[in-house]
K.L.:
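A single structure is presented below for examination.
Each chain gets a letter, A, B and so on, in the order its sequence line appears, and its residues count up from 1.
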Protein chains: 2
Amino acid sequence: MSEWQSEAEYLEQYDARRYDWPLVSVDVVIFTLYESRLQVLLIKRGEFPHRGRWALPGGFIAMDEDGDLQATARRKLREKTGVEAPLLEQVGSQGNDCRDPRGWSVTVLYMALIAWAPTAEFLEGVDDARWWPVEKVADLEMAFDHASLIEEARERLKNKTAYTVLPVHVLRRPFTLTQLQHAFELLMDTQLEKKSFRRRILNAEVLEETGEALLEGGRGRPAALYAPARGSERHLFARVFGESA
Amino acid sequence: MSEWQSEAEYLEQYDARRYDWPLVSVDVVIFTLYESRLQVLLIKRGEFPHRGRWALPGGFIAMDEDGDLQATARRKLREKTGVEAPLLEQVGSQGNDCRDPRGWSVTVLYMALIAWAPTAEFLEGVDDARWWPVEKVADLEMAFDHASLIEEARERLKNKTAYTVLPVHVLRRPFTLTQLQHAFELLMDTQLEKKSFRRRILNAEVLEETGEALLEGGRGRPAALYAPARGSERHLFARVFGESA
DNA sequence: TAAATAGTGTCTTTTAGACATTATCAT
DNA sequence: ATGATAATGTCTAAAAGACACTATTTA
C-alpha cells in the first residue's frame with residue numbers, strides 16, 4: 001500500500017494543501033466582573049463572514065508564531081486586552097459542517113478570567129471591542145455559534161467555581177472575603193451562606209492575609225485583606241458548594 | 001478593507017485551499033475492563049508517518065460523512081469495535097507544531113467506555129488492533145503524542161469516576177454491586193470501603209434492581225443484580241469519593 | 001448613640017470512613 | 001458445620017447549612 005520506503009521519503013513528498021481540510025480556529029471567552037455583573041468581551045466583526053455581528057475574540061492559528069493552541073488563545077487575549085498572564089484554560093472543541101458558512105469548521109474554545117480595568121487601559125487601539133453582561137448576550141446579533149460557545153464556557157465556569165477558588169482571578173488583589181464571596185456568588189449565580197463560605201475558604205488555606213486589615217473607603221468595620229496563596233489554583237475541594245440555593 | 005459587497009459574494013470566491021491549515025484529527029481512547037485490568041484499544045499503524053508504531057484509533061474527519069466531531073469519533077469507534085452507542089465524551093484538544101512530523105496539527109481527543117467482548121466478535125476484519133492494559137502503554141513504541149493523550153484521558157476517567165457512576169459503562173448488564181465496586185476501584189486506581197460504596201450508590205438511586213437476586217456461578221450468597229437507571233449518566237455526586245486511600 | 005459592615009459561635013444535617021456483625025448460598 | 005460471598009448496623013469524623021450573635025468602624 002505504501003509507495004514510500006521510509007518516513008523521510010514520505011514526509012518529503014507530503015503536501016497538506018492537496019487535501020481539503022476543515023477550518024480551525026481558537027476562540028476565547030474572556031470573563032470579568034464589572035459593576036457587580038459577570039461580563040464577557042465581544043468584538044464587532046469588521047470582515048465577512050458575519051460582518052457587523054458580535055463575536056468572541058479569536059481566529060485562526062498563526063502557524064509561524066504560535067507554538068501551541070494555548071499560545072494562540074494567549075495571543076488573542078493579549079491583542080484585545082493587553083493582559084499577559086491570565087487564568088486561561090481550555091473548555092473544549094466544537095466542530096461541524098454548519099457552524100461556519102465557509103464549510104466544515106472546528107473551533108477550540110478557551111475561557112479566561114481577568115480582573116477588570118477601565119476600558120481605555122485595555123482597549124487602546126482596539127475600538128471594536130466592548131464588555132457585555134453575559135445575560136445580555138442572548139439579545140445580541142451574534143456571529144457563528146458564539147452565543148452557544150459562551151453558554152458552554154459559562155456553564156463550565158459555574159461548575160468549576162463550586163469546587164475550586166477560580167473566582168480569585170476576576171478580582172484585583174488584595175481583596176476582602178466579602179468581595180471574594182460576591183465574586184463566587186456572581187460566577188455561580190447563587191447565594192452563599194457567609195459563615196460557610198468563610199470557613200471553607202479559610203480552612204482550605206488557599207489565601208494568605210496580606211498586610212493588615214485597614215484600608216477601606218466606606219463605613220463599618222474594616223475588612224482583612226487577602227491574596228491567593230501559591231498553588232491555590234490547583235486546590236480542589238472534595239465537596240461542591242452552594243447546593244441548597 | 002473588504003473587497004466584497006455582500007456575504008454571498010464573499011462566500012462565492014472563498015477557497016480554503018489557498019491557505020495553509022493545521023492538520024486536524026480526532027483520536028479516541030477506548031477503555032474497557034478485561035481480566036481485572038483497565039485496557040485500551042490500540043492500532044498498529046500500517047502507513048507513514050510512524051508506520052509500525054502503536055496508535056489510538058482515530059484519524060481525519062470525513063467531511064462528507066461526519067456531521068460533527070462526535071460523529072467522527074463514533075465512526076472511528078464503530079470501525080474498530082463494532083460498538084454503536086457507547087459512552088463517548090470529549091476530553092479536550094491538543095495542538096502544536098511538533099506533535100506530527102507533517103506540521104502543525106490539532107487533535108480532538110475523545111474517550112469511550114465499553115463493555116468487553118471477545119476479540120473475535122469485536123475485531124472481525126480488523127487485524128491491526130488489540131487491547132493493552134493501560135499500565136503497559138508506557139513500554140510500547142507509541143506513535144505521535146498518543147502516550148500522553150492516553151494519560152490525559154486516563155486522568156479524566158479517574159477524576160470523573162470520583163463523582164459520577166461512569167464505571168457502569170465498562171460492565172455488561174446486569175451486574176452485581178461487587179462487580180461495580182471492582183470497576184470503580186480499577187478506574188480510580190484505589191481501594192474503596194464496601195459499606196461506603198454501597199450506601200453511596202444505593203442512596204443515589206442511580207441503579208435499579210433487575211429481576212431478582214439469584215444467578216451466579218460461584219459459591220457464597222447470591223448477589224442482587226442491577227442495571228443503570230434512566231438518567232444515571234447525568235448524576236453528579238456533591239462529594240468526591242475515595243479520598244482516604 | 002445608630003447604622004453599617006466584618007467576623008464568630010454553635011447547633012443541625014449530610015455523608016464518608018472504619019469495621020464488626022449478620023445473611024444466604026454450596027459443599 | 002465450614003467456607004465463601006453478600007449485605008447490614010452502627011459509631012465516628014468532616015464539612016456544609018442555618019442563623020443568632022459579637023466586634024469595630026464612621027457619622
K.L.:
Please determine whether a side-chain nitrogen of the Lys or Arg among R37(B) and E135(B) lies less than 4.0 Å from a carboxylate oxygen of the Asp or Glu.
P.N.:
yes

K.L.:
Quick one: list whatever passes salt bridge (Lys or Arg N to Asp or Glu O under 4.0 Å) with R200(B), sequence neighbours left out.
P.N.:
none

K.L.:
According to side-chain hydrogen bond (donor to acceptor under 3.5 Å, both in side chains), who are the partners of R198(A), at least two apart in sequence or on a separate chain?
P.N.:
none

K.L.:
For E35(B), enumerate each residue passing the salt bridge (Lys or Arg N to Asp or Glu O under 4.0 Å) test, keeping only those at least two apart in sequence or located in another chain.
P.N.:
none

K.L.:
Provide the full list of ring-ring contact (aromatic ring centres under 6.0 Å, His included) pairs with a residue in residues 153-191 of chain B, sequence neighbours left out, each pair given once.
P.N.:
F184(B)-F197(B)

K.L.:
To the nearest 0.5 Å, tell me how far I43(B) CD1 sits from I30(B) CD1.
P.N.:
7.0 Å

K.L.:
Distance-only criterion, 3.5 Å: show the donor-acceptor pairs between side-chain atoms of residues 222-239 of chain A and protein atoms not counting sequence neighbours.
P.N.:
residue: S232(A); atom: OG; partner: A229(A); partner atom: O; Å: 3.0

K.L.:
Any pair with a residue in residues 160-170 of chain B that passes salt bridge (charged side-chain N to carboxylate O under 4.0 Å, His left out), sequence neighbours left out, goes on the list, sorted by first then second residue, please.
P.N.:
E89(B)-K160(B)

K.L.:
Give me, pair by pair, the N or O atoms of the protein and of nucleotides 1-4 of chain C that are less than 3.5 Å apart, along with how far apart they are.
P.N.:
none

K.L.:
Take the protein atom CG of L192(B) and the nucleotide atom P of dA7(D), then report the distance between them rounded to whole Å.
P.N.:
17 Å

K.L.:
Does anything in residues 193-203 of chain A come within less than 4.0 Å of DNA chain C? Heavy atoms only, and list the residues if so.
P.N.:
K194(A), K195(A), R198(A), R199(A)

K.L.:
Quickly work out the Q181(B) CD to dG17(C) P distance and round it to whole Å.
P.N.:
11 Å

K.L.:
Just to verify, what does Y110(A) make a ring pair (Phe, Tyr, Trp, His ring centres under 6.0 Å) with, not counting sequence neighbours?
P.N.:
none

K.L.:
Taking CZ from F184(B) and P from dA16(C), how many angstroms apart are they, rounded to a whole number?
P.N.:
11 Å

K.L.:
Quick test: give all pairs of protein nitrogen or oxygen and nucleotides 12-14 of chain D nitrogen or oxygen below 3.5 Å, distance rounded to 0.1 Å.
P.N.:
none

K.L.:
Would you please name every residue forming a salt bridge (Lys or Arg N to Asp or Glu O under 4.0 Å) with E185(A), sequence neighbours left out?
P.N.:
none

K.L.:
Find the distance L225(B):CG to dA6(D):P and express it as a whole number of Å.
P.N.:
11 Å

K.L.:
Roughly, in whole Å, what's the span from CE in M188(B) to P in dA16(C)?
P.N.:
11 Å

K.L.:
Rounded to the nearest Å, what distance is computed from the CG atom of residue L207(A) to the P atom of nucleotide dG7(C)?
P.N.:
12 Å

K.L.:
Would you indicate what F237(A) reaches in the nucleic acid, counting non-hydrogen atoms under 4.0 angstrom: base, sugar-phosphate, or nothing?
P.N.:
nothing

K.L.:
To the nearest Å, how far apart are Y163(A) OH and dA15(D) P?
P.N.:
19 Å

K.L.:
Can you give the donor-acceptor pairs under 3.5 Å from side chains of residues 140-154 of chain A to other protein atoms, not counting sequence neighbours?
P.N.:
residue: D145(A); atom: OD1; partner: R99(A); partner atom: NE; Å: 3.4
residue: D145(A); atom: OD1; partner: R99(A); partner atom: NH2; Å: 2.9
residue: D145(A); atom: OD2; partner: R99(A); partner atom: NE; Å: 2.8
residue: H146(A); atom: ND1; partner: L56(A); partner atom: N; Å: 2.9
residue: S148(A); atom: OG; partner: D145(A); partner atom: O; Å: 3.3
residue: E152(A); atom: OE1; partner: Q94(A); partner atom: NE2; Å: 3.2
residue: R154(A); atom: NH1; partner: L187(A); partner atom: O; Å: 2.9
residue: R154(A); atom: NH2; partner: L186(A); partner atom: O; Å: 3.1
residue: R154(A); atom: NH2; partner: L187(A); partner atom: O; Å: 3.2

K.L.:
Return the value, rounded to whole Å, for the distance between atom CD of Q179(B) and atom P of dA7(D).
P.N.:
11 Å

